[in-house]
Amino acid sequence: MDICVIDVTILFLKNRKEDWNHKIQRRTKPDNEIRPWSLLQFHIFYQTNLMQCYFFPFCFSSMNLIDFHLAQTMIFAIEEINNSSSLLPNISIGYRIYDSCGSTLSSMRAVMALMNGQERTVGKTCSGQSAVHAIIGASDSSSTIVMSRSTGAFQIPVISHLATCACLSNRKEFPSFFRTIPSDFYQSRALAQLVKYFGWTWVGAVRSDNAYGNNGMATFVEAAGLEGVCIEYSEAILWNNPREQIARVVEVISRASSKVVVAFLSQLEMDVLLEEALAQNLTGLQWVGSESWISIDRLATRRNSAVLGGTLGFTISKSKIPGLREFLLQVGPAQDPNNTLLREFWETTFSCRFSPQQEKDGGPRQSQCSGSEKLEEISNPFTDTSELRFSNNVYKAVYAVAHSIHDLLTCRHGEGQGVNRNCTHRDSIEPGQVLRYLRDVNFPMKSGERVSFDENGDPTAIYELVNWQRDQAGETVFVTVGNYNASLPNGDQFAMNGIQIVWAGNPLKRPRSVCSDSCLPGFRQAEIKGMPVCCFSCIPCAAGEISNLTDSTKCKQCSLEYWSNGDKSRCVPKVVEFLSFDETMGILLAAISLVGACLTTLVSLVFFSFRETPIVKASNSELSFLLLFSLTLCFLCSLTFIGRPSEWSCMLRHTAFGITFALCMSCVLAKTIAVVIAFQATMPGNTVPQCSIPLQRISVFSCTLLQVVICVLWLALAPSVPFKNTAHATEKIILECDVGSTIGFWAVLGYIGLLALLCFVLAFLARKLPDNFNEAKFITFSMLIFCAVWITFIPAYVSSPGKFTVAVEIFAILASSFGLLFSIFGPKCYIILLKPEKNTKKHIMGKSHKHSYRFLYRSTVARKNSLERQDPSKPREEPGSKGWPVLFWLCRIEIIRVHGH
């Protein structure tokens, strides 16, 4: 069986005197190699010109132990794979590491050299085709963007462990890019949900002025706007900006009114910003950080806790890699004494020097390195394996490349290349083949975590929300207080785990960061012109509207039968208004109605007790008792207008009112007609029958029957029903009786008015008849009162609101009833009860008896002449002749019998 070495050139750009070039050969060394390579930033380049790092293979700066730790993690993963019997058996992987020196130009130079087959080694440059099959790196988004644009055309897969810019998910622009760290597309949205969750709607923002910061902050601003969060300021910095510019940004932060700062910064920018913040004593602010720096141990010092204490931010999940710590503790110059990178790492870790320090070097004197120092005794970012957040990304990236090559060589998924789709031979692997299989990898790690990529080359976005807290020793620790999982449905992605959060400033009190104070329930937000939407004024909800939530943007209208309560925080049932027996007005009107009915009954008893007296006989006692009965019903029918309207009460109140008043007016009309007929029938030449009792009964019955017919038609066609009137008063419901048919309602009133008008006209015409036989004066006066009441009733009825409409109608009924009672029966009761001496035939005939006899005489003569005209054969007799006295007394007796004289 052939044994092959696959040289995976994993790109950590180094730019040292020599490349860290290593091929791990476990069995044999073949002629063909597959090379993934890695690009990391081992050195932080502060003061030298960027072009210097490009043209010269030196970086004059201190070593970055974090990226060196990541490089060793990559080597550890490769050795695990090479020792595996199940993954790439009989195949060994090599690697090549470069240091980017913190420069995009250096990254680009190394990538172009590798693709062109020009690889710089010790003292010379080798040309030829380079078998680069995969690139792991770089450690920042800007370098990765430049590198991926170049490698995409050659279908060389690039897998980044730290490049989070959302722009890299664009498959058209970066077709060969993958990453094992979530995209900032998700982190930015998680940060927006975080500040919204804690009610921070007014925040400041600071970002790195590069692809990572600008794209991440742009996504955050967009997501924050959707969550109702406003940005007070947004500043951009770079680690190599002049100090004056950094100081200006810190001043902006300190002068701002917002108490929360969202820092979308890389580690380098956070370093310089933090130094200036300490210099200006910028404390008391709640910092919210991105994953780039939120879990970096070297920032979490006691010195920095004055500024960053209580910081919150999302970071990738921590993990465990079995065996890694033991592997790291074996790293040292003893592995390769000629490797200057290992020597520099040792000198940086133990603050010693392998070469004697020259006088010209300056600085503090350092001890001589022996090479036997123990890493177990050192605690720094290189030896720290407590969380392994970013190290796990490198670990997964190496395994993803290995699995893609393994699937390619074993023809998994049936995608082998060739004419007959045969499996690819290990000696002819192309980067494009690795790229195609890398898209479909899906495998579990030892920790149980699955590794796969979506259509954009991104993994599933899962974050932990960490809070900077102090332990008992006073050291800052990262406590997980929540999580974010983008694969879950909206609303379930962000969740807290219930652990107590330590806040900036006052550790136990969550800071408030709002442009305007919250609007309480009952108020709504109103935008202030020229200000962001988070700056608003609070306006009370209008009547009938409510807001039951804090910071409501609009008030909700209550439904038709509900109204807002006093503080306009909830809808309550409207007050139902009707004239009830429980309120003062209802009690008063009911009492007056009963008093009227009692008075009418009392008058009836008086008339019945004195029915044989002349004045009762002269009042046409049959019509008088019927009139008193109808007045009693008029008083009692007003009670049907009081109380909660129901179907029966609505139908009863108007029909009972119409019929009883029609009966009353019919009686008054019959009395008036009786008086007029009694006198008009005795006038000369008049042949109308006199004093017909049946005619009076028929007239009363006919007039009342017509009103009954009108009411029956009204009830049959459109009866009156209960109705909730919400249009007249918005804050209450007026429970009233809808008349159903306005024509029927006004027909009933109109008919009563017609009867009253006839009574008035006839009574007015008969007012000058002899006093002893005349009730016309009292009827005229009663009709004046009746008409005046009902004429004034119409405008008052139409204009009165709510229950006062019913009160006006009851008042009109009572006023007109009392007017009839007192006007017609008051004078008679006065004579009967208080002046009984006047209740005699003598008094009634009194001073006017001569006029009465004269009237009777003339009436008798006129009657006789009328009879003679009917029988012309009989001779005409003069008054005083034979037969006249008898006729005269017969007529007189007839009149006295009818009128009680």
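Looking only at atom types and distance, the side chain of Thr164 has no donor-acceptor partner in the side chain of Arg179 under 3.5 Å away. Side chain to side chain, Ser580 and Asp582 fail the donor-acceptor criterion of an N or O pair below 3.5 Å. There is no side-chain donor-acceptor pair under 3.5 Å between Thr219 and Ser188. Tyr212 and Ser290 share a donor-acceptor pair across their side chains, judged by distance under 3.5 Å alone.
Between the CD atom of Gln193 and the CG atom of Asn490 there is a distance of 7.5 Å, given to the nearest 0.5 Å. Rounding to the nearest 0.5 Å gives a distance of 8.0 Å between CD of Glu583 and CZ of Phe578. Atoms CZ and OH, on Arg189 and Tyr484 in that order, are 8.0 Å from each other to the nearest 0.5 Å. Annotation: the span from Leu308 atom CG to Leu278 atom CG amounts to 7.5 Å, rounded to 0.5 Å. The structure places CE of Met270 at 12.5 Å from CG of Leu268, a figure rounded to the nearest 0.5 Å. For the atom pair OG1 of Thr460 and CG of Asn485, the computed distance is 7.5 Å after rounding to the nearest 0.5 Å.
Between the side chain of Asn215 and the main chain of Ala211, a donor-acceptor pair closer than 3.5 Å is present. Panel note: side chain Ser143, backbone Asp140; no donor-acceptor pair is recorded below 3.5 Å. Glu173 places no side-chain N or O within 3.5 Å of a backbone atom of Arg149 that could act as its donor or acceptor partner. With hydrogens and angles disregarded, a donor-acceptor distance shorter than 3.5 Å links the side chain of Gln493 to the backbone of Leu488. Using a distance-only test at 3.5 Å, with no hydrogens or angles considered, no donor-acceptor pair links the side chain of Asn725 to the main chain of Ile734. Using modelled atom types, one side-chain atom of Arg171 and one backbone atom of Phe177 make a donor-acceptor pair closer than 3.5 Å. When atom types are taken as modelled, the side chain of Thr726 and the backbone of Leu560 share no donor-acceptor pair closer than 3.5 angstrom. Asn467 contributes a side-chain N or O that, together with a main-chain N or O of Gly310, makes up a donor-acceptor pair within less than 3.5 Å. A distance-only check finds a donor-acceptor pair linking the side chain of Trp293 to the backbone of Ala263 [under 3.5 Å]. Side chain of Asn210 to backbone of Gly213: a donor-acceptor contact under 3.5 angstrom is found.
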(request) Evaluate side-chain contact (heavy atoms from CB on, under 4.5 Å) for Ile733 paired with Trp563, printing each intermediate quantity in order. (result) CA-CA 10 Å; Ile733 297 176; Trp563 194 249; over 6 Å; no
(message) Under the criterion salt bridge (charged side-chain N to carboxylate O under 4.0 Å, His left out), I'd like the reasoning laid out for Glu275 against Arg303: C-alpha separation, chi angles, the key distance, then a yes or no.
(response) CA-CA 10 Å; Glu275 287 297 323; Arg303 176 173 176 264; 3.1 Å; yes
(request) Let me see the working for Val206 and Val252 under side-chain contact (heavy atoms from CB on, under 4.5 Å), right down to the final yes or no. (result) CA-CA 10 Å; Val206 184; Val252 170; over 6 Å; no
(message) Quick one, Arg512 with Asp517, criterion side-chain contact (heavy atoms from CB on, under 4.5 Å). Give me CA distance, side-chain angles, the key distance, then yes/no.
(response) CA-CA 9 Å; Arg512 294 183 72 253; Asp517 289 332; 3.6 Å; yes
(request) Decide yes or no on side-chain contact (heavy atoms from CB on, under 4.5 Å) for Phe198 and Ser513, but give the supporting numbers first. (result) CA-CA 9 Å; Phe198 291 117; Ser513 185; over 6 Å; no
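Between Met531 and Cys515, the shortest heavy-atom distance links the atoms CE-SG, 4.4 Å. The shortest non-hydrogen separation linking Val481 to Gln500 is CG1-O, 4.4 Å. Listed here is the closest heavy atom pair of Ser569 and Asn548: O-CB, 3.2 Å. Here the closest non-hydrogen pair linking Val272 and Ile246 is O-CG2, 3.9 Å. Residues Leu162 and Ser139 come closest through the heavy atom pair CB-O, 3.6 Å. The minimum heavy-atom distance between Gln286 and Ala504, with the atom names listed, is OE1-N, 3.1 Å.
Counting non-hydrogen atoms of other residues, nucleotides and ligands closer than 6.0 Å to OH of Tyr233 gives a total above 12. The environment of Gln280 atom CD is dense: over 12 non-hydrogen atoms of other residues, nucleotides or ligands sit within 6.0 angstrom. Around the CZ atom of Arg570, the shell of radius 6.0 Å holds no more than 12 heavy atoms that belong to other residues, nucleotides or ligands.
The aromatic rings of Phe494 and Phe314 sit perpendicular, their planes meeting at an angle over 60°, well past the 30° parallel limit. The aromatic rings of Phe478 and Trp468 are tilted relative to each other, their planes meeting at an angle between 30° and 60°.
Taking the side chain as every heavy atom from C-beta outward, Lys568 and Ser547 never approach each other to under 4.5 Å. By the 4.5 Å heavy-atom criterion applied to side chains, Leu273 and Val250 are counted as neighbours. The side-chain heavy atoms of Val288 and Trp200, taken from C-beta on, include a pair separated by under 4.5 Å. Proximity of Arg298 to Leu65: side-chain heavy atoms (C-beta onward) are nowhere separated by under 4.5 Å. Counting heavy atoms from C-beta on, the side chains of Asp551 and Phe536 come closer than 4.5 Å. Contact check for Leu388 versus Tyr395: no side-chain heavy atoms found under the 4.5 Å cut-off. By the 4.5 Å heavy-atom criterion applied to side chains, Met217 and Ile231 are not counted as neighbours. By the 4.5 Å heavy-atom criterion applied to side chains, Val158 and Met147 are counted as neighbours.
When the SG-SG distance for Cys230 and Cys534 is compared with the 2.5 Å cut-off, it comes out below that value.
One finds no salt bridge joining Lys259 and Glu232 here, because no Lys/Arg side-chain nitrogen approaches an Asp/Glu carboxylate oxygen to under 4.0 Å. Electrostatic pairing of Arg389 and Glu291 does not count as a salt bridge here, judged by no charged N lying under 4.0 Å from a carboxylate O. Using a 4.0 Å cut-off between charged nitrogen and carboxylate oxygen, Arg524 and Glu545 do not count as a salt-bridge pair. Using a 4.0 Å cut-off between a side-chain N of Lys or Arg and a carboxylate O of Asp or Glu, Lys574 and Glu731 do not qualify as a salt bridge.
Pairs passing the salt bridge (charged side-chain N to carboxylate O under 4.0 Å, His left out) check and including a residue from residues 466-483, sequence neighbours excluded, read Arg302-Glu475.
With sequence neighbours excluded, no residue forms a side chain to side chain donor-acceptor pair (under 3.5 Å) with Glu561.
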